[in-house]
Amino acid sequence: MSLGESGDGDFLEALARSGARAFQTDRTRRAELIADVVAAAWGAHGQFVDADQFLTKPTVLRRLVGFLADMVPQDVDRLIGRETHALALGTALALETGLPLVIARRVETPGGRELRCHGELHPGERVLVVEGVAGTGASAELAVRTARRYGATVVGVLAAVDRNAGAAERLARAGARLDRLFDDAELLTAATRGRAAADRKDVAASGEENVT
């Protein structure tokens with residue numbers, strides 16, 4: 001009997017399509033990803049998320065883009081990632097979604113340094129700007145304006161983390177919507193909960209050691 005006849009083929013195809021969702025709920029996967037992002041990045045330079053610390057970890061990055069891919073609008077033609085932080089996330093998201101990636105980077109021009117798009121980008125195409133961590137929104141806004149200068153239509157900005165430092169408001173004034181997977185408040189809650197649990201564990205261990 002073949003796999004198709006036994007039904008195993010259908011099961012394997014469904015498993016391939018659903019990936020980790022076949023074994024865990026999205027809520028559980030999200031909670032585990034938050035814990036990993038916090039463990040990797042929270043507090044590396046004070047009380048904020050350091051993109052270098054979680055975007056450079058393949059296991060975290062892979063699961064991150066699994067969630068972000070579901071947030072990419074259906075009508076997007078290309079992704080835009082600014083070097084350096086957004087470029088790592090943009091590359092991973094391009095591989096996950098199959099969408100082409102445009103690289104935005106600064107170049108020297110007679111008039112000074114200027115952000116330019118590198119890669120294939122045509123007037124009228126719909127693009128999504130990708131950000132690792134959105135702070136004030138200045139870098140994302142510049143990428144939005146640069147894409148428009150090439151004639152592209154920017155459907156929005158997608159960030160892994162929003163620091164709640166004014167990016168959403170700034171981008172709204174520029175006519176672009178910011179969507180994010182996590183924000184600082186959510187990560188702070190997870191970090192605080194994790195520290196409290198660690199403290200309780202230390203206290204419990206200390207009590208056990210004092211028992212004679």
Side-chain angles (χ1 to χ4, degrees), residues 15-72 76 78-106 118-119 128-140 143 156-165 167-168 178-199 201-202:
L15 182 59
R17 286 194 300 269
S18 58
R21 290 185 175 90
F23 305 100
Q24 292 179 308
T25 64
D26 283 350
R27 182 176 180 179
T28 299
R29 292 170 56 236
R30 182 184 174 89
E32 290 183 352
L33 180 55
I34 289 175
D36 286 346
V37 170
V38 167
W42 189 268
H45 295 298
Q47 293 299 311
F48 65 85
V49 172
D50 182 356
D52 288 334
Q53 299 300 316
F54 73 91
L55 289 179
T56 55
K57 292 180 169 54
T59 55
V60 175
L61 186 58
R62 184 180 300 114
R63 286 181 293 141
L64 196 65
V65 296
F67 278 98
L68 290 172
D70 291 337
M71 300 173 68
V72 176
V76 167
R78 300 182 192 278
L79 305 173
I80 293 184
R82 274 201 61 178
E83 57 180 3
T84 55
H85 294 152
L87 185 55
L89 185 61
T91 300
L93 191 56
L95 290 170
E96 181 73 14
T97 61
L99 290 170
L101 176 67
V102 176
I103 300 171
R105 62 182 177 87
R106 289 187 180 275
H118 299 262
L128 179 69
V129 174
V130 179
E131 282 281 286
V133 176
T136 64
S139 63
V157 177
L158 179 59
V161 178
D162 176 17
R163 285 190 181 139
N164 296 326
L178 173 66
D179 288 318
R180 84 293 184 278
L181 182 57
F182 304 129
D183 67 6
D184 252 12
E186 190 172 15
L187 297 178
L188 176 59
T189 298
T192 302
R193 187 186 305 120
R195 284 197 295 267
D199 290 343
K201 185 176 180 180
D202 289 342

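Residue indices begin at 1 and follow the sequence shown.
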Task: R105: partners by side-chain hydrogen bond (donor to acceptor under 3.5 Å, both in side chains), with sequence neighbours left out - done: none
Which heavy-atom pair separates [X] from [Y] by the least distance, and what is that distance?
X: G132; Y: F54; answer: O-CZ, 4.4 Å
X: N164; Y: A185; answer: ND2-N, 3.9 Å
X: M71; Y: D179; answer: CE-CB, 4.2 Å
X: L68; Y: A159; answer: CD2-O, 4.0 Å
X: A167; Y: L178; answer: CB-CD2, 3.9 Å
X: A143; Y: V129; answer: CB-CG1, 3.9 Å

Task: Between T25 and T28: side-chain donor-acceptor atoms closer than 3.5 Å - done: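 Yes, T28 and T25 have a side-chain donor paired with an acceptor closer than 3.5 Å.
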Task: Test side-chain contact (heavy atoms from CB on, under 4.5 Å) applied to L79 and I103, L128, L158, L89, the passing residue - done: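 Of I103, L128, L158, L89, side-chain contact (heavy atoms from CB on, under 4.5 Å) with L79 is met by L128 alone.
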Compile the donor-acceptor pairs under 3.5 Å between side chains in residues 57-66 and protein atoms, sequence neighbours left out, one pair per line.
from	atom 1	to	atom 2	distance (Å)
K57	NZ	Q53	O	2.8
R63	NE	T59	O	3.3
R63	NH1	D36	OD2	3.2
R63	NH2	D36	OD2	2.2

Open item on the list: Quick check: do D162 and F182 have side-chain heavy atoms less than 4.5 Å from each other?
Closed with: no
Open item on the list: With a 4.5 Å cut-off on side-chain heavy atoms, are L181 and R30 touching?
Closed with: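 R30 vs L181: side chains touch.
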Task: Spacing of R163 atom CZ and D183 atom CG [to the nearest 0.5 Å] - done: 12.5 Å
Open item on the list: Just verifying a value: how many Å separate I34 CD1 and E186 CD, rounded to the nearest 0.5 Å?
Closed with: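 Nearest 0.5 Å value for the CD1-CD distance: 4.0 Å.
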- [ ] For the pair R82 (side chain) and V130 (backbone), establish whether a donor and an acceptor sit closer than 3.5 Å, ignoring hydrogens and angles.
- [x] no
- [ ] Before giving the answer on side chain to side chain contact (heavy atoms under 4.5 Å, CB included), spell out for L93 and V72 the whole-Å C-alpha distance, their side-chain angles and the decisive distance to 0.1 Å.
- [x] CA-CA 9 Å; L93 191 56; V72 176; 4.1 Å; yes
